[in-house]
Amino acid sequence: MAKDESQLMEKVVSLCKRRGFVFAGSEIYGGLANSWDYGPLGVELKNNIKNLWWKRFVHERSDMVGLDAALIMNPEVWKSSGHLGNFSDALVECKKCHHRFRADHVDKKCPDCGGALTSAKQFNLMFKTFLGPAEDASNTVYFRPETAQAMFVDFKNILETSRKKLPFGVAQIGKAFRNEITPGNFIFRMREFEQMEIEYFIKEQEWEKVFEYWKSQMWLWITDVLGLDKNHIHELEVADGERAHYSKRTIDFEYDFPFGKKELYGLAYRTDFDLKNHFKEAPYKDIEAGEEFYPHVVEPTFGVDRSVLAVLCDAYIEEPASTQGSGEAKAERIVLKLKPSIAPYKVAVFPLLKNKPELVKKAEEIYHDLQKNFAVTFDDRGNIGKRYYSQDEIGTPFCITVDFDTLENDDVTVRDRDTMKQERIKISELKEWFTKKLN
Ligand code: GAP
């Protein structure tokens with residue numbers, strides 16, 4: 001398996017564009033500062049990740065419930081949460097070319113022209129807009145910079161309607177907005193991005209145990225569900241003074257992105273900071289003990305876009321001709337070795353020849369039938385070798401070919417993406433066969 005790390009990023013970006021995973025946003029108008037659109041395959045991949053996350057952390061647990069809150073909240077939320085006061089990065093400006101940078105991303109000189117830099121000023125990252133027609137200060141509102149706050153603000157409503165007792169968690173998936181000084185590295189740092197967050201409410205004395213528990217859950221998600229190589233992940237204990245204003249302990253899960261080791265996810269102990277700031281009176285009553293108090297919070301947070309990027313970088317493989325199995329043209333191939341559960345399509349269906357109506361008809365029948373259970377695609381362009389190559393490049397785990405023997409024997413050839421081995425399978429057994437293989 002060849003993996004040229006130096007060009008991996010360019011190759012992943014090029015594949016994303018070529019095959020419809022991710023495009024530059026507003027491209028025909030010259031784009032818009034690092035905004036990106038997920039294309040037909042990207043949205044499937046991203047939705048698979050979000051659905052697996054929701055299944056694992058909400059549906060398969062009895063101590064979790066979900067939320068889908070508004071993106072724009074009352075500005076008082078951001079005063080109370082400390083974001084209006086504290087959610088900022090230090091910004092420096094080049095005195096010569098006037099380009100701006102995050103102070104922690106540069107040394108003493110401007111990286112663009114070598115000019116001298118100004119001293120650092122704090123720059124608030126909250127995205128502003130106006131509510132209603134009058135554009136004045138009294139109508140200024142903010143897009144949420146994290147999904148977390150609604151889970152605190154709605155805490156009592158959730159508690160009363162779900163009848164949960166501590167410990168329990170609230171999960172949310174959705175967009176967050178930050179006016180990043182220097183967005184970049186493709187979908188790694190954007191101004192509009194998606195988060196999957198859990199606020200896990202506990203009694204104060206349990207926080208260390210619960211923190212360790214969620215750390216292990218995050219590792220399992222990374223390795224078992226996303227299928228990332230554990231050697232590409234590193235825990236970073238975030239030092240005093242570098243943590244977010246609400247956190248008493250934070251661990252970053254860093255991933256070896258092609259542009260360096262950078263934050264993939266975070267795990268924070270937010271104490272009772274948020275609930276105390278939002279509620280004048282303790283919002284939780286322990287019925288047995290007759291005590292009212294402010295629950296503490298452990299927060300595992302997962303960036304959706306960074307998950308997509310890490311999964312693509314980890315799965316991208318170029319196989320030289322010599323390592324390939326027999327039976328197929330021995331050309332070099334690009335393969336996305338995605339876990340089948342994450343791959344945009346699970347199965348591709350091909351008629352051996354497109355000018356033989358009986359083969360096309362049979363292949364279409366199989367395609368439509370499998371569509372009821374799996375994400376399936378159909379391809380009748382070019383020759384079979386090219387179709388395999390095309391599906392390997394987007395990570396489709398299985399390809400079905402309908403040939404003349406199919407018409408006689410009611411069976412098809414199923415080809416495996418990773419081993420490139422082929423098997424004959426009865427059409428009547430395909431659903432069961434794929435269900436087994438894909439789980
Ligand atoms: N509620 C806690 C919180 O928002 P964070 O570390 O600021 O913590 C959580 O963000 C996750 O969101 C990060 O670990 C990362 O995966 C993702 N994220 C943060 N800023 C991002 C950006 N500008 N572009 C893409 N993803 C981002």
Side-chain angles (χ1 to χ4, degrees), residues 1-3 15 18-20 41 44-45 48 227 311-312 314-439:
M1 274 185 283
K3 203 155 183 170
L15 174 72
R18 191 167 73 244
R19 300 306 308 272
L41 296 186
E44 296 295 336
L45 177 74
N48 289 341
V311 158
L312 287 171
D314 238 55
Y316 184 98
I317 307 278
E318 284 173 1
E319 280 185 349
S322 59
T323 64
Q324 293 184 35
S326 58
E328 281 181 35
K330 292 194 173 187
E332 189 179 281
R333 66 169 189 157
I334 294 170
V335 201
L336 275 189
K337 292 205 171 170
L338 297 169
K339 291 210 57 152
S341 51
I342 288 173
Y345 297 125
K346 315 302 174 199
V347 183
V349 183
F350 315 146
L352 180 66
L353 298 168
K354 92 189 246 187
N355 56 1
K356 295 285 173 201
E358 62 276 33
L359 295 184
V360 174
K361 185 164 169 271
K362 192 76 197 165
E364 280 176 350
E365 265 173 41
I366 294 172
Y367 165 61
H368 290 305
D369 191 39
L370 289 177
Q371 266 184 326
K372 293 175 197 145
N373 298 72
F374 311 101
V376 192
T377 184
F378 186 89
D379 194 0
D380 61 4
R381 298 160 309 159
N383 61 38
I384 291 288
K386 281 195 181 139
R387 294 180 208 160
Y388 283 154
Y389 183 91
S390 166
Q391 294 302 324
D392 288 345
E393 207 184 44
I394 61 171
T396 309
F398 298 105
C399 294
I400 292 178
T401 303
V402 171
D403 54 22
F404 292 104
D405 287 345
T406 307
L407 305 176
E408 301 282 310
N409 306 329
D410 275 329
D411 60 7
V412 291
T413 298
V414 178
R415 183 262 200 183
D416 181 297
R417 175 194 71 195
D418 298 341
T419 62
M420 294 194 285
K421 291 217 172 89
Q422 302 187 358
E423 282 186 62
R424 289 303 282 192
I425 308 281
K426 286 277 173 214
I427 295 172
S428 59
E429 289 166 15
L430 279 175
K431 274 191 191 166
E432 207 187 314
W433 195 87
F434 285 127
T435 304
K436 231 189 247 163
K437 288 276 182 183
L438 292 166
N439 290 324

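This one's a predicted model, so the numbers in the text were calculated from it and none came from an experiment.
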**Report entry** Close side-chain approach of L407 and D405, heavy atoms under 4.5 Å
**Finding:** no
Query raised in the report: Does any non-hydrogen side-chain atom of T413 lie less than 4.5 Å from one of R424?
Result: yes
Query - Any M420 side-chain heavy atom under 4.5 Å of R333 side chain - result: yes
Query raised in the report: So do the side chains of E364 and I366 get within less than 4.5 Å of each other, counting heavy atoms only?
Result: no
Report task. List the steps and the verdict of side-chain contact (heavy atoms from CB on, under 4.5 Å) for I400 and F434. Result -> CA-CA 11 Å; I400 292 178; F434 285 127; 3.6 Å; yes
**Report entry** Contacts of type side-chain contact (heavy atoms from CB on, under 4.5 Å), residue R381, not counting sequence neighbours
**Finding:** D379, S390
Query raised in the report: CH2 of W433 to CG of L438: how many Å apart, nearest 0.5 Å?
Result: 8.5 Å
Requested in this report: Please list, chain by chain and in numerical order, all residues satisfying side-chain hydrogen bond (donor to acceptor under 3.5 Å, both in side chains) with T377, sequence neighbours excluded.
Outcome: none
Query - Verdict with supporting geometry, E358 and F404, side-chain contact (heavy atoms from CB on, under 4.5 Å) - result: CA-CA 9 Å; E358 62 276 33; F404 292 104; 4.2 Å; yes
Compile the donor-acceptor pairs under 3.5 Å between side chains in residues 345-356 and protein atoms, sequence neighbours left out, one pair per line.
from: K346; atom 1: NZ; to: P340; atom 2: O; distance (Å): 2.8
from: K346; atom 1: NZ; to: S341; atom 2: O; distance (Å): 3.2
from: K346; atom 1: NZ; to: A343; atom 2: O; distance (Å): 2.7

**Report entry** Residues in side-chain contact (heavy atoms from CB on, under 4.5 Å) contact with N383, at least two apart in sequence or another chain
**Finding:** K386
Requested in this report: Assess whether side-chain contact (heavy atoms from CB on, under 4.5 Å) is satisfied between V412 and T401, documenting all intermediate values.
Outcome: CA-CA 6 Å; V412 291; T401 303; over 6 Å; no
Query raised in the report: Under the 3.5 angstrom rule, does the side chain of T406 hit a backbone N or O of D411 as a donor-acceptor pair?
Result: yes
Report summary line: Those residues at least two apart in sequence (or on a different chain) that pass side-chain hydrogen bond (donor to acceptor under 3.5 Å, both in side chains) with E423 are none
Query raised in the report: Between the side chain of R415 and the main-chain N/O of Q422, is any donor-acceptor distance below 3.5 Å?
Result: no
Query raised in the report: Say you draw a straight line from CZ of F374 to CZ of F398; how long is it, rounded to the nearest 0.5 Å?
Result: 10.0 Å
Requested in this report: Scan for salt bridge (charged side-chain N to carboxylate O under 4.0 Å, His left out) pairs involving residues 428-439, sequence neighbours excluded, and state none if there are none.
Outcome: D369-K431
Query raised in the report: Any ion pair linking E365 and K362 (charged N to carboxylate O, less than 4.0 Å)?
Result: yes
Report task. Check each of L336, T396, L338, I394 against R417 using the side chain to side chain contact (heavy atoms under 4.5 Å, CB included) test, and report the only one that passes. Result -> L338
Report task. Would you please name every residue forming a side-chain contact (heavy atoms from CB on, under 4.5 Å) with E393, sequence neighbours left out? Result -> L15, R18, R19, I334, Y389
Query raised in the report: Just by modelled atom types, is the V335 backbone N or O under 3.5 Å from a matching donor or acceptor in the D392 side chain?
Result: no
Report summary line: Here the gap from I427 atom CD1 to D410 atom CG, rounded to the nearest 0.5 Å, amounts to 5.0 Å
Query raised in the report: Looking at D416 and D418, what are the two nearest heavy atoms and their distance?
Result: OD1-N, 2.8 Å
